[in-house]
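Order of the sequence lines fixes the chain letters, A, B, ..., with proteins taken first and strands second; residue numbering starts at 1 for each chain. Basis for what follows: all heavy atoms, side chains included, without hydrogens, waters or symmetry-related copies.
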Amino acid sequence: MVAITLPDGSVRSYPGPVTGLDVARDIGPGLAKAALAIRVDGAMKDLATTLDRDTNLAIVTAKDGADALELLRHDAAHIMAEAVKELYPETQVTIGPAIENGFYYDFARPVPFTPEDLEKIEARMKEIVDRDEAITREEWDRDEAVRFFDSLGEKYKAEIIASIPAGQPIGLYRQGQFIDLCRGPHLPSTAKLGKAFKLMKLAGAYWRGDSRNEMLQRIYGTAWFDKKDLEAYLHMLEEAEKRDHRRLGREMNLFHQQEEAVGSVFWHPKGWTLYRAVESYMRKRLDANGYVEVKTPQLVDYSLWEASGHADKFSESMFTVRTQDERHLAVKPMNCPCHVQIYRQGIKSYRDLPLRMAEFGSCHRYEPSGALHGIMRVRAFTQDDAHIFCTEDQITAETIAFCELLKTVYTDFGFTEVRVKFSDRPEKRAGSDEVWDKAEGALKQAAEAAGLEMTLNPGEGAFYGPKLEFVLKDTIGRDWQCGTLQVDFVLPERLDAAYTAEDGSRKRPVMLHRAILGSFERFLGILIEHHAGRFPLWLAPTQVVVATIVSDVDGFAEEAVKALRAAGLRAEADLRNEKINKKVAEHSQAKVPVLLVVGRREAENGQVAMRRLGSPDQEIVALDQAVAKLTAESAPPG
RNA sequence: GCUGCCGUAGCUCAGUCGGUAGAGCAUACCCUUGGUAAGGGUAAGGUCGAUGGUUCGAUUCCAUUCGGCAGCACCA
């Protein structure tokens, strides 16, 4: 007897072993048709899995959300591999997992795939779906499987299987003529994939993710249960493209980039206004939180970078300069060594600590060309950097205070969801293991005291110390790592920073490296995409446009702009010889938050018709009232 | 950096199976003074990313190079 307990608590008994499909059939023909897989005591298994003892069972159908989609996408990857092998038999298959929103498969083939090949592959996949091939699992002996794939010329598969411990049975899945190593589970048949999938793009990817290995060809696709879901996803991609900061930067005249200054930003007046709004907000927050601001040199003799350890661990990313008189300089990639130089001026006492030294530090790093991305990943950027020189005892309090400041700032910019990662010692590092033990312990303890929930990010720390990384989520669900807090016992030692302790002894301060925005360039890019260019009033480069209906009222419109500007608002007049329809359309598209329309009626009464971005409503108010209202609304937080 | 794709007017794009190019928007000027998402007309605007090669002739074909895009690797 086998007793199967279903999720609703009901129990079904069978005289002998049954498969998941048998149980589904027993419950009802509709369920049997919809069944994709089963969950046995929590673990996903094939529908055909034999159940020979009492167990908890759930039938997985398309309604099961993420689990079901993962199955579907994994199958899509296999069906794509089958299609590729049919069309291009000389291709070797490697791996093909389900990923967020879709799947990919990496192929080894001497000839590159073309976009036309993608269409052919997609068409063949649809044929395979129509063929309704059963997907069945087989168990093989490992060495036999290695020999089998070797004989097919599938050396990558053979390599993967050979790396599985001997003696373990190997699960292979067969569908039609195609057989592949796979952990499973899979759908019962290729027909279950349906037609709501699409091959998206072609890209290179290193074998086993290592840049020393050969480059494979990766095909990405997306797959859904329903055509509607597919269309919704494609539509979402289009929307994301519309908020791309590179596109909005051009359309809104915020900045541009050009090949004579690769990896740098030309900020236009409007973009720079935005930048300054962010900067002055940050400066105000830092002032209020006990930071002092400094400015340090761009070009620094290479010897300082040798002393700090950057020459050793970071030289590939540094721009260096040799002058005519043979001096060797580097453009600073970080601000920390310079801040230590300021710290070292004069003798420091424990009474001076904690010393919170901030700089909007302009840095240059020679990033690999393939890493550059708009203003999000550049070679010239400005960090909202600060170093807190403190005693070991002060680490916890400083960490707590920093976390609070960070939260306030993110909230003010409209980000509410923040994750924290803890990154510990990397392979390439400075400082002894004892120092690292101490630094990691101190940071972990401080983070716990600050009440942070963290995930571990092993080996991702800076070369001089462990770090906390703060990752925020934007409106369309993407993650951005911005803030960081790093504990550093190494640099104060290497650069000889010291203070006189209470007992008169000479001690080393600890340095906390910290940033909230990360880099202004990147953060502004994130802000642009997060708000899709529709900035809150306090950030909008142009806050108000006064648009006239007839030229008779030009004088009043200019007066209105003058009044708005006198109140500190960023206002412009639109006196052009154009119809109001066109003016409304253009300023709406330029994402100006407030439009004040002035016609004869308004001008005669000293009024304006106020129209907010995104709403067709208008509100007729006296000019001075409008100024007062907008002034209050546009005040930056804090 | 690696793989693939791409580079035509300020922007978005069409085009030339090798005979030096066109549209819409934007710009300038003219007409229009119009009440809440694009009024009409005229004009101007291009070394077809750069260099080299093949050719009678190259924006088009080939090579190199620079830049961009996507992904991979990188993000200390």
Side-chain angles (χ1 to χ4, degrees), chain A residues 99 104 106 109 111-115 117-118 200-220 241 244 246-247 250-251 253 256-263 309-310 312-318 333-334 336 365-374 376-379 381 423 425-430 459-465 467 469 481 484 486 513 518-519 522 547-554 575-590 595-602 609-618 620:
Chain A
I99 53 172
Y104 69 78
D106 287 345
R109 181 178 179 231
V111 191
F113 289 112
T114 64
D117 292 338
L118 244 52
M200 303 295 286
K201 56 196 167 197
L202 214 42
Y206 297 109
W207 168 234
R208 301 205 147 168
D210 191 326
S211 60
R212 287 166 299 192
N213 289 344
E214 60 269 56
M215 177 75 66
L216 305 172
Q217 297 187 61
R218 177 173 295 180
I219 301 177
Y220 283 92
E241 203 182 308
D244 187 305
R246 293 164 298 188
R247 176 184 178 135
R250 189 175 53 238
E251 286 176 359
N253 198 10
H256 86 271
Q257 295 176 285
Q258 67 185 51
E259 54 181 285
E260 286 78 3
V262 173
H310 286 81
D312 234 22
K313 312 282 190 243
F314 205 62
S315 59
E316 284 168 20
S317 310
M318 287 163 71
M334 294 187 194
C336 17
R365 297 181 189 175
Y366 195 73
E367 300 285 354
S369 59
L372 301 176
H373 179 82
M376 301 279 212
R377 189 82 182 272
V378 284
R379 288 179 175 155
F381 56 95
S423 298
R425 66 194 76 185
E427 262 177 53
K428 210 171 158 185
R429 61 178 182 262
E460 295 295 319
F463 74 79
Y464 46 73
K467 58 185 184 183
E469 293 172 328
Q481 190 197 307
T484 182
Q486 307 168 7
H513 305 240
S519 102
R522 196 168 113 97
T548 54
I549 295 173
V550 290
S551 51
D552 298 1
V553 301
D554 286 2
L575 310 180
R576 289 175 308 159
N577 173 17
E578 293 293 350
K579 295 198 169 183
I580 193 62
N581 288 307
K582 180 158 182 164
K583 293 188 184 182
V584 169
E586 285 187 358
H587 297 301
S588 300
Q589 244 164 25
L595 194 58
L596 300 181
V597 176
V598 178
R600 284 204 186 87
R601 282 205 301 276
E602 289 79 10
M610 184 150 64
R611 181 189 164 118
R612 308 271 180 166
L613 180 60
S615 161
D617 302 337
Q618 40 177 320
I620 312 287

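A:Lys201 comes within contact range of the sugar-phosphate backbone alone, with a heavy-atom separation under 4.0 Å but no base atom that close. A:Ile549 comes within 4.0 angstrom of a nucleotide base, judged by non-hydrogen atoms across all strands. In this structure, A:His373 reaches the sugar-phosphate backbone alone: every heavy-atom distance under 4.0 Å involves primed, P, OP1 or OP2 atoms, never a base. Within 4.0 Å (heavy atoms only), A:Pro368 reaches at least one base atom of the nucleic acid. Residue A:Phe113 is classed as having no contact, given no heavy-atom separation below 4.0 Å to the nucleic acid. Counting non-hydrogen atoms under 4.0 angstrom, A:Ala609 reaches a base of the nucleic acid. Here A:Arg250 lies in heavy-atom contact (under 4.0 Å) with sugar-phosphate atoms only.
Distances shown here put a side-chain N or O of A:Arg246 below 4.0 Å from the OP1 or OP2 atom of B:C69. At the phosphate of B:C74, neither OP1 nor OP2 sits under 4.0 Å from any side-chain N or O atom of A:Tyr366. The phosphate of B:U36 has neither OP1 nor OP2 within less than 4.0 Å of any side-chain N or O from A:Asn581. An OP1 or OP2 oxygen of B:C11 is reached within less than 4.0 angstrom by no side-chain nitrogen or oxygen of A:Arg247. Using a 4.0 Å cut-off, some side-chain N or O of A:Lys467 falls inside it from OP1 or OP2 of B:A76. Listed pair A:Ser211 / B:C2 fails the phosphate criterion, with no side-chain N or O lying under 4.0 Å from OP1 or OP2. At B:G34, one or more side-chain N or O atoms of A:Arg600 fall inside 4.0 Å of OP1 or OP2 (strictly under the cut-off). Remark: A:Arg109 is not in phosphate contact with B:U3, judged by side-chain N or O atoms under 4.0 Å from OP1 or OP2. The shortest distance between the side-chain N/O atoms of A:His587 and the OP1/OP2 oxygens of B:U36 is not below 4.0 Å. For B:A26, the OP1/OP2 oxygens have a side-chain nitrogen or oxygen of A:Lys582 closer than 4.0 Å.
If you measure from atom CZ of A:Arg576 to atom P of B:U27, you get 7 Å, rounded to the nearest angstrom. One atom, CE of A:Met215, and another, P of B:A73, lie 9 Å apart when rounded to the nearest Å. Taking atom CD1 on A:Ile219 and atom P on B:U3, their separation rounds to 18 Å, with Å as the unit. Distance A:Gln589 CD to B:A37 P: 12 Å, rounded to the nearest Å. Taking atom CG of A:Asp244 as the reference point, atom C1' of B:G68 lies 12 Å away to the nearest angstrom.
With hydrogens and angles ignored, the 3.5 Å screen pairs no side-chain donor or acceptor of A:Gln486 with any backbone N or O of A:Gly461.
Remark: B:U59 base-pairs with no nucleotide; criterion is Watson-Crick or G-U wobble with both hydrogen-bond distances under 3.5 Å. Figure legend. B:U33 is base-paired to no nucleotide; pairs are counted as Watson-Crick or G-U wobble with both atom distances under 3.5 Å. Base-pair partner of B:U54: not found among the strands shown (Watson-Crick or G-U wobble, both distances under 3.5 Å). Pair check for B:G1 finds B:C72; Watson-Crick or G-U wobble, both atom distances under 3.5 Å. Pairing for B:U47 is absent, judged as Watson-Crick or G-U wobble with the two contacts each under 3.5 Å. The pairing partner recorded for B:A38 is none, the criterion being a Watson-Crick or G-U wobble arrangement whose two distances lie under 3.5 angstrom. With a 3.5 Å ceiling on both atom-pair distances, the Watson-Crick or G-U wobble partner of B:C13 is B:G22.
Nucleotides B:U12 and B:A26 place their P atoms 15 Å apart, quoted to the nearest Å. The P atoms of B:G41 and B:C61 are separated by 37 Å, rounded to the nearest whole Å.
One N or O donor and one acceptor, one from the side chain of A:Arg377 and one from the base of B:C74, sit under 3.5 Å apart. No hydrogens or angles were tested; on distance alone, a donor-acceptor pair under 3.5 Å links the side chain of A:Glu602 to the base of B:G35. With hydrogens and angles left out, the side chain of A:Arg611 and the base of B:A37 share a donor-acceptor pair within 3.5 Å. Taking only distance into account, the side chain of A:Arg429 never meets the base of B:A76 through a donor-acceptor pair shorter than 3.5 Å. Judged by atom type and distance alone, A:Tyr206 does not reach the base of B:G71 through any side-chain donor-acceptor pair under 3.5 Å.
Using a cut-off of 4.0 Å between Lys/Arg side-chain N and Asp/Glu carboxylate O, A:Arg246 and A:Asp244 are scored as salt-bridged.
Positionally, the nearest nucleotide of RNA chain B for A:Val597 lies more toward the 5' end than for the other of A:Val597 and A:Ala462. Both A:Ser551 and A:Gly374 sit near RNA chain B, but only A:Ser551 has its closest nucleotide nearer the 5' end.
Each of B:C72, B:A37, B:A76 was ranked by its minimum atom distance to the side chain of A:Ser588; first place goes to B:A37. The side chain of A:Phe314 sits closest to B:A76 out of B:A37, B:A76, B:G35. Listed candidates were B:U33, B:A76, B:A38. Nearest to the side chain of A:Val550 is B:U33.
The side-chain contact (heavy atoms from CB on, under 4.5 Å) test with A:Tyr206 is passed by exactly one of A:Arg212, A:Glu214, A:Met215: A:Met215.
Using bins of under 30°, 30° to 60° and over 60° for the plane-to-plane angle, the ring pair A:Tyr464/A:His310 lands in the tilted bin.
Annotation: A:Glu316, atom CD; neighbour count of heavy atoms from other residues, nucleotides and ligands within 6.0 Å does not exceed 12. Enclosure of atom CD in A:Glu241 is not indicated, since only 12 or fewer non-hydrogen atoms of other residues, nucleotides or ligands lie within 6.0 angstrom.
Atom CG of A:Asn581 sits about 9.5 Å away from atom CD1 of A:Ile549, to the nearest 0.5 Å.
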